[in-house]
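Inspection log for the structure reproduced underneath, given as structure tokens.
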Amino acid sequence: MIELTPWWGALLLPPVLAAFAVAAAVFDSALTARAAGAPAPRAAAGAPLRAAGGLLLQQRRRTLAADAPLWRGAGITLAAAGVLASLVTPLGRWAVGDLSVGIVWFNAMEIVAWAAVWLAGWGANSAFGLVGGYRFIAQGLSYELPHMFALTAPAIGAGSLRVADVVSAQDGLWFAVWMPVAFLVFLATVLAMAFRRPFDHPVSRDTAGGVLAELSGVDRLVFLAGRWLLLVSGAGMAVALFLGGGAGPLLPAWLWSVLKTAAVLAALVWAGHRLPTVRMDRFAELAWLVLIPATLLQALFVSIVVI
Amino acid sequence: MWQEIVFWLCAAGAVGTGIAVFRVDSMARATFALLASFLFGAGTVLLVELTYLGVLVILMMIMEMVIMVVFMVMYMMNPAGLMPMSMLHNQRGSLAIAAGTFALLTAGIYLVDWPTSRAPRPGDPTKALGEALMGPKMLVMIVLGLALFATIVATVVLATNRGRYDRYGDRLERDRPDDPVRGGVGR
């Protein structure tokens, strides 16, 4: 049912993801403008593109004794992780890569964000950046296990780690319906993975922007783009794993995939505007004492149903 | 053909970044050079079509090295590499051990008469491996899992700074624990 695209599908993947990312950034900007009471929120929609143009022209800020290779590599690594994570995500009937262990691949690529964010914080040789980097590692240790168990539930439900099998196993009933805990935890951890609010402590204002404190110019643009790409990848995977992929009446499969991904993405961005930043020492306890047992029970429930 | 090229790229990359671990002065660079070396190693695992194992190596190594970099920076004398610091210790001894191990392994590869199997390869090697491990060896696996889990719990108990008597009082009489930082579940 899900077929591989020819080789040029891999070339199409980054632009498709970028289109989603730009749309999400525009929506985010409009929400910010509305919350700030701007007279015409629509005018703010162009703000992300203007900001991107500005960053392209901006000269790089230099810091004393920066670790340039690691610092510059961080943004590229993050953006590459965002694109590679979507390699196995199907759009309607097409997928660029159809690995037999697609879910594990997705998980491995998103963990690259750990390295990228820490490097961005470390490389600048700035105290605030380093604080942000360490915060993200603490965040990673909190969200990663619930995230992995949330990924396990659909894999058990489909009896396969191949994303195509998971999609076709949802013919009758979407996994989001009978695995609601895994679905919600997955969405929350996607926000944490892309360090968007309520999980934006690594880049929060109390540390002057944390890992973003010293990033400027094109480095900042690539890093922020990578962050959006990661969020888009997470939303796309949520559609494939929990919302039946491209399944739907009347419209073609690819359009359903696009619509569902856009809806999940909008929900994630909107949630970020409705929730306050959570401190990591608090979230760690919540994650380990509530979310991990909850996702484990969810996996147990799914296993019993499957047997 | 392309597999040979990729293999040699991975092999050269793994050795090169492995050497870089000892050539760079910064703990951050050394850790990420080591990570690159492991990722090249994962590339060779992927080449022999052990997809699950290869992807798992990538996943685990990134997690592991990001946590390790915290400890490297914390414990090493010169974390940032602002002053030159040699990572080389006991050079003669380690050279002898490295050369000896290499010679032993190479000799093993060429001299041992490795058995070959006439049985066809299973369609899904990962599944076959899982069944081989989990089928007849289930009892061993359960005992092993229990021992590992007990080790983890014991390590945490030994390492913890504040036990329940610090949190709930000497007679465990407090209703709410006395924690320096309030937790996320309302305690």
Side-chain angles (χ1 to χ4, degrees), chain A residues 64-71 73-74 77 81 84 88 97 99-119 121-123 125 130 133-134 136-138 140-142 144-145 148 159-162 278-291, chain B residues 17 20 24-36 38-39 42 45-46 49-74 78-83 123-127 130 156 167 177 179-187:
Chain A
L64 185 69
D67 196 334
L70 295 188
W71 194 20
T77 315
L84 286 176
V88 290
L99 294 179
S100 59
V101 292
I103 293 180
V104 188
W105 170 264
F106 171 74
N107 199 356
M109 287 306 114
E110 73 196 30
I111 283 187
V112 173
W114 287 32
V117 176
W118 189 84
L119 285 175
W122 168 266
N125 192 24
L130 194 57
Y134 281 134
F136 190 71
I137 296 182
L141 290 171
S142 308
E144 195 54 49
L145 281 173
M148 282 179 173
S160 167
L161 287 168
R162 190 187 291 272
V278 56
R279 251 187 19 230
M280 259 327 105
D281 45 352
R282 294 197 150 192
F283 177 64
E285 188 173 341
L286 188 73
W288 281 77
L289 294 184
V290 179
L291 295 187
Chain B
T17 47
V24 294
D25 286 338
S26 136
M27 285 306 114
R29 286 190 188 182
T31 311
F32 282 93
L34 189 58
L35 172 58
F38 284 136
L39 294 186
V45 178
L46 287 176
E49 291 179 13
L50 293 173
T51 325
Y52 181 74
L53 215 55
V55 176
L56 205 64
V57 168
I58 298 176
L59 194 157
M60 299 303 288
M61 282 306 149
I62 296 174
M63 268 176 131
E64 217 171 283
M65 285 298 128
V66 173
I67 291 169
M68 190 168 118
V69 77
V70 176
F71 287 92
M72 294 284 275
V73 169
M74 197 155 54
N78 175 31
L82 294 177
M83 286 181 294
D124 191 350
T126 314
K127 193 174 175 184
V156 172
R167 302 180 71 223
D179 287 333
V181 179
R182 270 168 36 93
V185 286
R187 292 185 308 180

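Remember, predicted model here, so these are calculated numbers, not experimental data. Order of the sequence lines fixes the chain letters, A, B, ..., with proteins taken first and strands second; residue numbering starts at 1 for each chain.
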Residue pair Tyr134(A), Val73(B): steps toward the side chain to side chain contact (heavy atoms under 4.5 Å, CB included) verdict | CA-CA 12 Å; Tyr134(A) 281 134; Val73(B) 169; 3.7 Å; yes

If every non-hydrogen atom of Phe32(B) is compared with every non-hydrogen atom of Leu119(A), which pair is closest and at what distance?
-> CE1-CD2, 3.5 Å

Heavy-atom closest pair, residues Ala108(A) and Ile62(B) | O-CD1, 4.3 Å

In terms of heavy-atom proximity below 4.5 Å to chain A, should Tyr52(B) be classed as side chain, backbone, both, or neither?
-> both

With a 4.5 angstrom heavy-atom cut-off, is it the side chain or the backbone of [X] that approaches chain B, or both, or neither?
X: Met148(A); value: side chain
X: Trp118(A); value: side chain
X: Ile111(A); value: both
X: Val112(A); value: both
X: Glu110(A); value: neither

What's the spacing between Thr51(B) OG1 and Leu161(A) CG if we round to 0.5 Å?
-> 11.0 Å

With side chain to side chain contact (heavy atoms under 4.5 Å, CB included) as the test, would you mind laying out the steps for Ile67(B) and Trp114(A) before giving the verdict?
-> CA-CA 9 Å; Ile67(B) 291 169; Trp114(A) 287 32; 4.3 Å; yes

Closest-packed option against chain A by number of heavy-atom pairs under 4.5 Å, given Leu56(B), Leu35(B), Val55(B) = Val55(B)

